[in-house]
Amino acid sequence: AIERTFSIIKPDATERNLTGAVNAVIEKAGLRIVAQKRIRMTKEQAETFYAVHKARPFFGELVAFMTSGPVVVQVLEGEGAIAKYREVMGATDPSKAAEGTVRKLYAKSIGENSVHGSDAPETAAIEIAQFFSGNEIVG
Ligand code: CMP
């Protein structure tokens with residue numbers, strides 16, 4: 001089925017001017033960028049977005065990193081987009097990511113791992129709605 005997933009190009013990637021490079025990998029995989037904006041996440045936005053990780057030891061570090069510089073939030077659309085984008089991103093830990101994946105190519109570490117992608121349809125819908133209104137998504 002045609003799905004939509006939520007993507008973030010993280011501060012470690014925008015800092016190195018890699019927005020276009022990441023987008024090229026996304027588009028080469030057949031995913032369409034149907035919404036995109038560059039923002040500075042607030043602490044509140046980052047805490048809400050990562051609420052599921054609140055109890056993890058790295059939560060504070062994660063929120064600090066995600067608010068440390070610009071991010072590019074996106075909606076990606078395509079056949080099986082959620083699983084496909086997770087393949088395109090590669091493993092969370094870049095040292096375990098497959099050749100050609102965004103994280104293998106660009107991620108610096110498990111925390112500064114260049115991109116985020118939704119893990120399931122329910123989370124995709126929640127994450128998209130946190131950052132985009134319906135009329136900002138143009139399929
Ligand atoms: P993301 O897909 O955005 O979802 C949760 C994030 O937590 C994950 O990517 C990583 O960037 C981050 N993360 C996961 N494990 C660790 C860790 N051990 N130390 C720091 N950050 C982590």
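Please read these numbers as outputs of a predicted model, since none were measured by experiment. All heavy atoms count here, side chains included; hydrogens, waters and symmetry mates do not.
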Tell me whether Phe49 shares a hydrophobic cluster with Val75, the cluster being built from Ile, Leu, Val, Met, Phe, Trp, Tyr side chains joined at under 4.5 Å. yes

Check the orientation of Phe131 and Phe6. Use parallel for under 30°, tilted for 30 to 60°, and perpendicular for over 60°. parallel

Would you say the side-chain atoms of Thr101 pair up with the backbone N or O of Ala97, donor to acceptor, closer than 3.5 Å? no

Answer whether the closest heavy-atom distance between the side chains of Val71 and His116 falls below 4.5 Å. no

Closest heavy-atom pair and its distance - Leu76, Ser7: CD1-CB, 3.9 Å

Do Arg4 and Ile128 touch side chain to side chain, with heavy atoms closer than 4.5 Å? yes

Closest approach of Glu3 and Ile82, non-hydrogen atoms and distance? OE1-N, 3.0 Å

For Ile110, is there any backbone N or O sitting under 3.5 Å from a side-chain donor or acceptor partner on Asp93? no

Quick check: does any side chain N or O of Arg86 sit under 3.5 Å from a backbone N or O of Ala91, one acting as donor and the other as acceptor? no

Cationic tip of Lys10 within the cone over Phe65's six-membered ring, i.e. under 6.0 Å and within 45° of the normal? no

Side chains of Arg103 and Thr92 in contact at under 4.5 Å (non-hydrogen atoms): yes

I'd like to check Phe59 versus Glu47 (side-chain heavy atoms, cut-off strictly below 4.5 Å). Are they in contact? yes

Would you mind writing out the side-chain donor-acceptor pairs for residues 17-34 within the sub-3.5 Å range, not counting sequence neighbours?
unit_1: Asn23; atom_1: OD1; unit_2: Gln74; atom_2: NE2; d: 2.7
unit_1: Asn23; atom_1: ND2; unit_2: Gln36; atom_2: OE1; d: 3.0

NZ/Lys37: more than 12 non-hydrogen atoms of other groups inside 6.0 Å: yes

Below 4.5 Å, heavy atoms only, C-beta onward: do Val115 and Tyr85 meet side chain to side chain? yes

Nonpolar side-chain network containing Ile126, other nodes, edges under 4.5 Å: none

Checking the side chain of Glu15 only, and the main-chain atoms of Asp12 only, is there a donor and an acceptor separated by less than 3.5 Å? no

side-chain hydrogen bond (donor to acceptor under 3.5 Å, both in side chains) between Lys108 and Asn113, intermediate numbers included: CA-CA 6 Å; Lys108 296 169 77 171; Asn113 63 358; over 6 Å; no

Side-chain heavy atoms of Glu77 within contact of Ile137, under 4.5 Å: no

What's the spacing between Met41 CE and Ser68 OG if we round to 0.5 Å? 11.0 Å

Are any non-hydrogen side-chain atoms of Met66 and Pro11 less than 4.5 angstrom apart? yes

Would the number of heavy atoms belonging to other residues, nucleotides or ligands and lying under 6.0 Å from CD of Glu136 be above 12? yes

OG (Ser114) and CD1 (Ile8) are apart, to the nearest 0.5 Å, by 12.5 Å

Please check: side-chain N/O of Thr5 versus main-chain N/O of Ala81, any donor-acceptor pairing under 3.5 Å? no

